[in-house]
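Computed from a prediction, not measured in an experiment: that's the story for all the values here. Lettering of chains follows the sequences in order, A, B, ..., and the numbering in each one begins at 1.
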Amino acid sequence: MTKQIRQLDRVVIRFAGDSGDGMQLTGDRFTSETAQLGNDISTLPNFPAEIRAPAGTLPGVSSFQVHFADYDILTPGDAPNVLVAMNPAALKANLADLPRGADIIVNTDEFTRRNLAKVGYQTSPLDDDSLAGYVVHPVALTSMTIGALADQDVSKKDAERAKNMFALGLLSWMYSRPYASTLRFLERKFAARPELVAANIAAFKAGWNFGETTEDFAVRYEVKPAKMHPGTYRNITGNQALSLGLVAAGVRSGLPVFLGAYPITPASDILHELSKHKRFGVVTMQAEDEIAAVGAALGASYGGSLGVTTTSGPGVALKSETISLAVALELPLVIVDVQRAGPSTGMPTKTEQADLNMALHGRHGEAPVAVIAPKSPSDCFHAALEAARIALTYRTPVILLSDNYVANGSEPWLLPDVESLPDLRVEFATAPNGEDGTTFLPYLRDPETLARPWAVPGTPGLEHRIGGLEKADKTGDISYDPANHDFMVRTRAARIETIPVPDVEVEDPDGDARVLVLGWGSTYGPIGAACRGLRQRGLSVAQAHLRHLAPMPANLGEVLRSYDRVVIPEMNLGQLAHVIRAKYLVDAIGYNQVRGLPFTAAELETMLEEVLKNV
Amino acid sequence: MSEPIALKLTAKDFKSDQEVRWCPGCGDYAILAAVQQFMPELNIPRENTVFISGIGCSSRFPYYMNTYGMHSIHGRAPAIATGLSVSRPDLSVWVVTGDGDALSIGGNHLIHALRRNVNLKILLFNNRIYGLTKGQYSPTSEVGKITKSTPVGSADAPFNPLSLALGAEATFVARTIDSDRKHLQSVLRAAAQHEGSAFVEIYQNCNIFNDGAFDQLKEPATRDDFLIRLEHGQPITFGKDGQFCVVHPPGGFGLEVRETAATPAEEIVVHDATVTDPAYAFALSRLPGLDLRNTPIGVFRSVGRPSYDRVVQEQVATARATVTETPERQLAALLGSGDTWTIL
């Protein structure tokens with residue numbers, strides 16, 4: 001039959017199933033095919049903390065959302081146009097997010113009485129009228145996959161497990177995706193077991209062919225490539241980009257990167273990724289605990305490496321004493337906090353921005369550090385380089401606040417020209433710096449950066465001792481002198497406060513906005529999408545986004561005071577808003593939400609519209 | 001390889017310009033002097049030597065050594081030193097710690113440094129008391145110890161530091177005493193020559209808060225009958241007249257002390273520090289009683305195992321051996337790996 005082809009400008013698809021159904025992989029492959037086609041993309045995985053919750057239950061549902069369009073997009077999409085539900089639990093867990101009229105593709109084989117009962121369905125939603133507002137496509141995914149693989153040399157279990165590839169084939173057909181990269185992927189993934197390569201490819205093709213022949217899918221869709229800057233792209237998650245940024249920092253500084261880390265969700269992937277890059281001289285150490293991880297990183301920095309530790313909120317709490325030691329020692333150290341919902345174990349696979357207070361203030365004594373935050377998955381690459389630049393230039397700990405949303409979300413990344421990346425080379429001290437020509441003064445500062453010399457062990461003539469006890473200015477000797485302590489505390493504060501950071505840029509295309517939305521970190525996408533929506537409706541709103549949280553950009557106060565209203569959306573209870581109010585005496589309004597999920601553009605748009613009305 | 005040039009360093013070269021500020025009479029002075037006198041023997045340039053400490057009286061040690069040094073935070077010296085040693089295998093890294101620092105707040109880092117066999121020389125000054133915080137009981141204080149924090153006696157059982165280190169499968173374990181400079185230096189010598197973690201417990205007198213804790217091992221009247229001086233390859237006999245010996249009774253798990261006169265010579269244990277099974281050294285570590293009778297000193301265990309530093313650096317070297325490109329080109333290739341697409 002001839003299928004009708006309909007053009008769309010954007011689509012949001014959510015793949016949902018049991019944790020064991022391979023939904024992350026399915027979504028990942030669909031994303032890769034979509035990237036090959038040249039659409040702009042944004043993705044959001046959502047998975048349980050349990051590795052394998054009981055099969056078929058609500059806690060076991062894992063999903064992957066992909067938003068793709070023929071124009072540049074900022075978020076993974078508020079609501080899916082299409083839900084692929086591999087079982088009743090996946091349907092039940094995700095239905096509330098679907099707008100009326102959305103397509104639902106369900107695997108009918110899993111809608112058994114037992115599976116329905118597990119999630120509290122008295123009757124099958126496929127049989128009553130509870131899905132009347134949606135376009136439901138019942139597909140016997142499991143049995144058709146097993147049927148398609150009947151003459152393949154695989155067990156029934158392996159055949160059944162290939163059902164995600166059937167689903168991927170069907171969706172790839174529906175949205176006219178090029179699938180060569182998926183076939184190559186399957187060949188690589190199952191290289192050791194050729195029978196599984198054949199079975200998975202057969203399942204994929206069966207799904208594709210099913211779409212082409214069945215009458216249930218009368219329409220095929222196309223989403224044309226987006227207009228993007230010329231260049232080479234890859235799809236990348238925040239954790240991957242951050243890891244590559246650290247490798248790049250090693251190359252551009254000429255220093256070995258040393259990562260001390262203890263496994264913790266959602267930061268462990270950075271440890272996994274960096275452990276693969278030994279050929280760059282990267283040393284990774286899985287330490288016995290969070291404290292040892294940062295300690296080892298600091299020890300490596302002392303020896304002339306770029307010391308890095310990666311963790312999440314609970315880990316930063318444990319590292320706090322060592323970060324303060326690094327403040328006193330004035331050595332470079334990069335601390336990556338991939339934030340998750342807290343306090344305590346909280347919701348380890350869900351996102352939040354509630355570690356800002358800890359990053360800014362969470363240490364004993366006056367212990368200032370630099371704090372920066374990436375705004376999107378690919379921005380994690382540049383944020384890592386910036387963290388390394390500040391750490392190396394100013395000999396200070398830098399906390400990089402990523403979060404679960406940017407860490408696991410993905411987007412296309414325009415590959416940078418390596419030569420254009422910042423030059424991070426540093427000079428170690430090699431000779432005495434005292435006036436007499438023979439004395440070494442470990443705390444004699446560079447007048448411009450206020451950084452002290454980095455004299456690494458092995459340098460003859462510069463033997464010296466450093467430690468956590470207060471040090472005399474210049475000599476670094478132990479000092480209990482009141483005036484010296486006051487001076488050193490103020491100097492350490494000034495050292496951070498005077499780091500030059502770029503001015504904050506304001507996006508106000510209409511030029512007459514009276515309301516400014518200020519954000520930081522991963523809220524950039526939803527805030528940007530909300531502002532865009534308002535402007536499309538003729539309303540004026542300005543957006544500014546902070547990458548540097550300590551020190552803050554020099555022009556920030558002036559920017560804030562030039563608007564009648566400042567709104568600060570945050571996935572916490574107003575941590576940046578408190579700082580802004582205290583520091584700039586601006587009556588900023590917070591918009592706060594801590595549900596473990598990113599803001600939707602729609603809710604921000606609604607909120608901002610209210611603010612605009614009342615200015 | 002040519003012979004290393006003799007540096008002709010002296011003890012004076014290892015003294016820093018800082019005034020030593022331990023209490024007069026503290027055992028730490030003797031250890032510092034012994035270490036400063038010993039260091040030239042290693043013929044390692046001062047700039048390649050690093051002392052890292054935690055917190056406590058003993059942890060002031062690095063300030064007094066004219067080498068590189070770091071006085072860090074409580075309990076964390078082994079972790080910090082691990083990062084330094086692994087990333088800088090060219091350095092000689094020493095950790096100075098105490099019973100509270102190493103066994104209480106820093107217990108975790110100590111056992112993990114030892115199991116990894118990080119190339120650190122760890123000197124644990126054991127005075128069985130918290131000195132810097134003015135006299136609370138420590139994890140090596142005896143049960144019932146009366147201190148400021150335990151006015152009716154401590155309720156917790158102490159650690160035996162050597163048993164603990166051996167439980168973590170430390171490859172080098174030794175004990176010595178602050179007041180016996182010659183023995184202390186012989187143990188330092190053996191520790192310095194060992195590849196991997198060398199754990200040295202030094203009995204150290206705190207004359208302010210726990211004076212005389214090790215007197216039986218020092219007083220001429222008792223020391224010979226109390227101390228077992230271990231020597232590799234020699235039968236273990238001790239006492240003023242060699243009247244005691246160590247045997248491994250059949251059917252038992254451990255070692256026991258017997259009268260030499262009543263023991264056939266072939267039953268006397270010949271000390272072998274290279275026994276692979278840590279059970280032997282563990283049994284030695286269990287010999288002393290509460291009254292310090294039968295306290296072995298010397299090298300309990302010294303076995304070969306590649307250091308963590310070496311294994312990690314070999315992995316990096318193996319990976320780097322395949323590199324033919326400049327770092328920049330390598331990086332460009334890494335950034336562009338995986339599925340990419342080009343927009344013209």
Side-chain angles (χ1 to χ4, degrees), chain A residues 32 35-36 38 181 225 228-235 244 247-248 251 256 258 260 277-283 285 287-289 291-292 295-305 307 321-322 325 329 415-416 418-419 456-469 477-478, chain B residues 16 18 45-53 55 62-63 65-88 90-91 108-109 111-112 312-313 315-316 318-320 322-323 327-332 334-344:
Chain A
S32 188
Q36 296 291 326
S181 68
M228 294 169 86
H229 284 290
T232 301
Y233 288 78
R234 71 185 276 193
N235 193 55
L244 295 183
V247 173
V251 170
F258 180 98
H277 301 308
K278 294 182 172 51
R279 66 185 194 283
F280 287 90
V282 175
V283 173
M285 176 184 171
E288 61 269 24
D289 60 30
I291 299 172
L298 183 60
S301 279
Y302 175 59
S305 291
E321 188 192 15
T322 309
L325 175 65
L329 297 182
L415 298 183
V418 167
E419 299 298 333
V456 302
T459 315
L462 304 190
E463 295 84 0
H464 65 284
R465 276 64 57 190
I466 54 176
L469 285 169
D477 292 342
I478 300 171
Chain B
S16 77
Q18 300 294 299
R46 284 186 301 126
E47 66 268 21
N48 288 347
T49 302
V50 187
F51 278 82
I52 296 188
S53 63
I55 293 291
Y63 287 117
M65 293 295 295
N66 193 9
T67 61
Y68 281 87
M70 186 196 292
H71 177 217
S72 76
I73 43 179
H74 208 11
R76 316 303 170 200
I80 293 169
T82 295
L84 178 64
S85 184
V86 171
S87 61
R88 290 291 305 276
D90 56 316
L91 301 174
N108 200 31
H109 308 307
I111 57 174
H112 287 277
V312 170
Q313 286 298 339
Q315 288 181 351
V316 171
T318 304
R320 294 192 75 121
T322 62
V323 172
E328 270 76 14
R329 292 180 72 112
Q330 237 187 299
L331 177 61
L334 172 65
L335 301 187
S337 59
D339 290 338
T340 60
W341 68 98
T342 301
I343 309 271
L344 297 172

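Atoms CH2 and CD, from W341(B) and Q36(A) in turn, are 7.0 Å apart once rounded to the nearest 0.5 Å. Expressed to the nearest 0.5 Å, how far NE2 of H74(B) lies from CG of L325(A) amounts to 14.0 Å. Separating the CG atom in D339(B) from the OG atom in S32(A) is a distance of 3.5 Å, to the nearest 0.5 Å. Note that the CD1 atom of I478(A) and the NE2 atom of H71(B) stand 7.5 Å from one another [nearest 0.5 Å]. Summarising the geometry, atom OH belonging to Y233(A) is positioned 12.5 Å from atom OG1 belonging to T340(B); distances are rounded to the nearest 0.5 Å. Interatomic distance, E321(A) CD to I73(B) CD1, rounded to the nearest 0.5 Å: 4.0 Å.
Heavy atoms of S72(B) lying under 4.5 Å from chain A belong to its backbone as well as its side chain. When heavy atoms are compared at a cutoff of 4.5 Å, S301(A) does not approach chain B at all. Contact of A35(A) with chain B is made through backbone and side chain together, with heavy-atom distances under 4.5 Å. Proximity to chain A involves both the backbone and the side chain of S337(B), based on heavy atoms less than 4.5 angstrom apart. With a threshold of 4.5 angstrom between heavy atoms, V312(B) approaches chain A through side-chain atoms but not through N, CA, C or O. For P256(A), no part sits under 4.5 Å from any heavy atom of chain B, backbone or side chain. Contact annotation for R76(B): only side-chain heavy atoms (C-beta onward) come within less than 4.5 Å of a heavy atom of chain A. For H277(A), the part lying near chain B is the side chain, with the backbone staying farther off; criterion is any non-hydrogen pair under 4.5 Å. Within the 4.5 angstrom heavy-atom criterion, only side-chain atoms of L329(A), from C-beta onward, approach chain B. For T459(A), the parts sitting under 4.5 Å from any heavy atom of chain B are the backbone and the side chain alike. In this structure, the portions of I466(A) lying under 4.5 Å from any heavy atom of chain B include both its backbone and its side chain. The contact between L91(B) and chain A is made entirely by side chain atoms (from C-beta outward), counting heavy-atom distances below 4.5 Å. In this structure, chain A has heavy atoms under 4.5 Å from both the backbone and the side chain of A332(B).
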* R88(B) vs V456(A), side-chain contact (heavy atoms from CB on, under 4.5 Å): CA-CA, chis, key distance, verdict -> CA-CA 10 Å; R88(B) 290 291 305 276; V456(A) 302; 3.9 Å; yes
* Starting from the C-alpha separation in whole Å, work towards a yes-or-no answer on side-chain contact (heavy atoms from CB on, under 4.5 Å) for V251(A) and E328(B). => CA-CA 7 Å; V251(A) 170; E328(B) 270 76 14; 3.8 Å; yes
* Passes side-chain contact (heavy atoms from CB on, under 4.5 Å), H109(B) versus I291(A)? Steps please. -> CA-CA 9 Å; H109(B) 308 307; I291(A) 299 172; 3.9 Å; yes
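When all heavy atoms of R465(A) and P62(B) are compared, the pair lying nearest together is CG-O, 3.0 Å. In this structure, F280(A) and P327(B) approach most closely via the heavy-atom pair CE2-O, 4.1 Å.
No donor-acceptor pair closer than 3.5 Å links the side chain of R234(A) to the backbone N or O of G336(B). Checked by atom type and distance alone, the side chain of R279(A) never pairs as donor or acceptor with a backbone atom of T318(B) at under 3.5 Å.
Of the listed residues (T67(B), T49(B), T322(B)), the greatest number of heavy-atom pairs within a distance under 4.5 Å of chain A belongs to T67(B). Residue with the most contacts toward chain A among L335(B), N48(B), N66(B), T82(B): L335(B) (heavy-atom pairs, distance under 4.5 Å). Most heavy-atom pairs under 4.5 Å with chain A: of the set V50(B), N108(B), V323(B), this distinction falls to N108(B).
In this pair, Y302(A) and Y68(B) present their aromatic rings perpendicular. The plane angle is above 60°, beyond the 30 to 60° band.
At a cut-off of 3.5 Å, with distance as the only test, a side-chain donor of Q18(B) or D477(A) sits close to an acceptor on the other residue.
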